[in-house]
Amino acid sequence: QVQLVESGGGLVQPGGSLRLSCVASGFTLDYRRVAWFRQAPGQEREGVSCMSRSGAYTSYVDSVKGRFTISRDNAKNTVYLQMNSLKPEDTAVYYCAAGASCSGHVLYGVHYWGKGTLVTVSS
């Protein structure tokens, strides 16, 4: 079965950190660009970060620059999102994705979506 499965979400206090993981199965992740999206309550889904196949190219939406870091481990077929200095505004369902190309922080030509993991930042 071809799928992406996210994990690592949960409840965190403002200023805290969280590391999300996304494991691919049924296909080889290193053939594709990888990305994270998020959808906050009552808002549209937005691109958070996108990374090239090699990891040489990364980009982030302005609101998370300096706080979030995308990375990948192709040997483990896994992509990560390290989130530091979390804010209540970061509360959202986070989705990983694999696809064709990064346009800035947004992945286009998405081939696969994960089902999402909920991150709640609250005191």
- Message: Donor-acceptor check, side chain of Thr28 to backbone of Asp30, threshold 3.5 angstrom: yes or no?
- Response: no

- Query: Looking at Leu29 and Asn77, what are the two nearest heavy atoms and their distance?
  - Reply: N-OD1, 2.8 Å

- Item | Partners passing side-chain contact (heavy atoms from CB on, under 4.5 Å) against Ala75 (at least two apart in sequence or in another chain) | Asp73

- Query: Looking at residues at least two apart in the chain, or sitting in another chain, which of them share a ring-ring contact (aromatic ring centres under 6.0 Å, His included) with Tyr94?
  - Reply: none

- Task: Considering non-hydrogen atoms only, spot the tightest contact between Tyr57 and Gly104 and give its length.
- Result: OH-O, 3.0 Å

- Message: Strictly by side-chain hydrogen bond (donor to acceptor under 3.5 Å, both in side chains), give each pair with a member in residues 4-22 just once, sequence neighbours left out.
- Response: Ser17-Asn84

- When you measure from the side chain of Trp36 to the backbone N and O of Tyr80, does any donor-acceptor pair fall under 3.5 Å? yes

- Query: ring-ring contact (aromatic ring centres under 6.0 Å, His included) with Tyr95: which residues, sequence neighbours excluded?
  - Reply: none

- Distance from Phe68 atom CZ to Leu86 atom CG, nearest 0.5 Å? 5.0 Å

- Side chain Ser52, main chain Gly55, donor-acceptor under 3.5 Å: yes

- Query: When hydrophobic residues are tied together by side-chain contacts of less than 4.5 Å, even through go-betweens, does Val79 share a cluster with Val2?
  - Reply: yes

Distance-only criterion, 3.5 Å: show the donor-acceptor pairs between side-chain atoms of residues 107-116 and protein atoms not counting sequence neighbours.
from	atom 1	to	atom 2	distance (Å)
His111	ND1	Arg32	NE	3.2
His111	NE2	Gly109	O	3.4

- Task: Go through the structure and list residues passing salt bridge (charged side-chain N to carboxylate O under 4.0 Å, His left out) with Lys76, not counting sequence neighbours.
- Result: none

- In short, salt bridge (charged side-chain N to carboxylate O under 4.0 Å, His left out) pairs touching residues 55-72 with sequence neighbours left out are Asp62-Lys65, Arg67-Asp90

Identify every side-chain donor-acceptor pair in residues 40-49 under 3.5 Å, counting partners at least two apart or on other chains, and give the distances.
from	atom 1	to	atom 2	distance (Å)
Glu46	OE2	Arg38	NE	2.7
Glu46	OE2	Arg38	NH2	3.1
Ser49	OG	Ser59	O	3.0

- Query: Do you reckon Val23 sits in the same ILVMFWY cluster as Leu81, going by side-chain contacts under 4.5 Å, direct or chained?
  - Reply: no

- Item | Residue pairs passing the disulfide (SG to SG under 2.5 Å) test where at least one lies in residues 87-123, sequence neighbours excluded | Cys22-Cys96, Cys50-Cys102

- Query: Where do Val119 and Leu18 land on the side chain to side chain contact (heavy atoms under 4.5 Å, CB included) test, with the steps shown first?
  - Reply: CA-CA 9 Å; Val119 173; Leu18 208 60; 3.9 Å; yes

- Tightest non-hydrogen contact, residues Met83 and Leu20, listed as CE-CG, 3.8 Å

- Task: Starting at OG of Ser54, measure out to CZ of Arg33 and round the result to the nearest 0.5 Å.
- Result: 8.0 Å

- With ILVMFWY side chains joined below 4.5 Å, transitively, what does Val5's cluster contain besides itself? none

- With sequence neighbours left out, write down each residue that passes side-chain contact (heavy atoms from CB on, under 4.5 Å) with Ser123, or none if nothing qualifies. Pro14

- side-chain contact (heavy atoms from CB on, under 4.5 Å) partners of Thr69, counting only residues at least two apart: Tyr60, Gln82

